[in-house]
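Written below as structure tokens is the structure these notes are about.
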Amino acid sequence: MDELERIDGAWKTRFRRSLLRWYDRHGRDLPWRAAADPYRVWISEIMLQQTTVAAVKPYFERFVDRFPTVHALAEASEEDVLRLWEGLGYYSRARNLAKAAKRIVTDFNGRFPEDVESLRTLPGIGRYTAGAIVSFAFDRPAPIVEANTLRLYARLLGYDGDPRGTAGQRVLWAFAEQVLPKARPGRFNQALIDLGATVCTPKDPNCEACPAKGSCLAFANGTQDSIPRLAKRAKITRLLMAAVVVRNNGRVLVRQYADGERWAGLWDFARVDLGVDDKPQDPPPASVVKDVQSRIAALTGLNIEVSPSFVVLEHSVTRYRIRLLAFEGTTLEQTVSASVNSRWVEASSLDELPLSVTARQIAKRLL
Ligand code: SF4
């Protein structure tokens, strides 16, 4: 790999020394770093996937407070785990945490494996997360590449190919392996992440303050704004959906998403997809109420009177921009279609159920 030719002994010594000196003064004080505990490292790393440090902190504190050990998590119901995860998104992460905790207890006697290969056999643990646990918690050498280090390495190497492609990944993982020192590799990996997160930022990296500027090819060539090459943006699709808070005798209807559905395990009000929303009409045509009524009836098997008024919630999920119309409805029937896992609940008990983010917003606005 030509990109790694200049990474010789002198380069590594200079880079490591300046990075660690910087880390001593500027390393972040994060709650999951307080103790080198593999459980806390694991929970934080899973939460940090697709989520910022600021957003993760309160979730992390609540989660480890409720489930302080892998044994406590292994005994928890998936519903309890999802309730604590509510709002963080990408819920398969929470379901995998619950499954992996059970495997650690049954297959590994409740002790975290200390090697990357064993950790990677657990649900939801990939190469990066395994490397993070092994190096941060056990201080064993294991390379890491995640969003912050991918950007940092690509710039240090002046790598202008696609860093997420097969060739790019090979170069960056090889770099991560070569640059890792034998002494205190966990601290070194944390320093790499912190430099990427706070100095070598996606926009306007602070090169003047960077301890690695003497080793950085992108800085030398003035290409730090074009490296790493950006991933192609997916085209946004607009969708229209409707949810109905169906009432019967003072209680409301909720349904649980089944395995294989996007929000598996979470609860929601009766919700239907109204298709692509290419030309949004504001307000939507009156015919939409009839359409919602018949689709909700098909979903639930109930005869429902849907009110003509509604509130509108807008949100994005991956490449979809969704306009959600939230209605209220009433029914005199109670027997819901057997194909839907449903319950009639008091509005006050919704607090105990893990709801989709928009279902929680609807509950706050309509109930
Ligand atoms: S010199 Fe600039 S581009 Fe290079 S590693 Fe430092 S912050 Fe990133």
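The analysis underlying the following values was restricted to heavy atoms, covering all of them including side chains, and did not include hydrogens, waters or symmetry mates. All ligand and atom numbering here is 1-based and tracks the order in the structure.
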Without placing hydrogens or testing angles, list every side-chain donor-acceptor pair under 3.5 Å for residues 62-69, not counting sequence neighbours.
| residue | atom | partner | partner atom | Å |
| --- | --- | --- | --- | --- |
| Arg66 | NH2 | Asp80 | OD2 | 3.3 |
| Thr69 | OG1 | His71 | N | 3.4 |
| Thr69 | OG1 | Ala72 | N | 3.0 |

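For CD1 of Ile236, the number of neighbouring non-hydrogen atoms (other residues, nucleotides, ligands) closer than 6.0 Å is greater than 12. Atom CG of Asp259 sits in a sparse spot, with 12 or fewer heavy atoms from other residues, nucleotides or ligands closer than 6.0 Å.
In the model, Thr358 has no side-chain atom that pairs as donor or acceptor with a side-chain atom of Gln361 under 3.5 Å. One side chain, Tyr128 or Glu45, offers a donor N or O that lies under 3.5 Å from an acceptor on the other. Side chains of Thr330 and Arg247: a donor-acceptor N/O pair is absent below 3.5 angstrom, by distance only.
Protein atoms that are N, O or S and lie under 2.8 Å from atom 4 (Fe) of ligand 1 are these: Cys216 SG.
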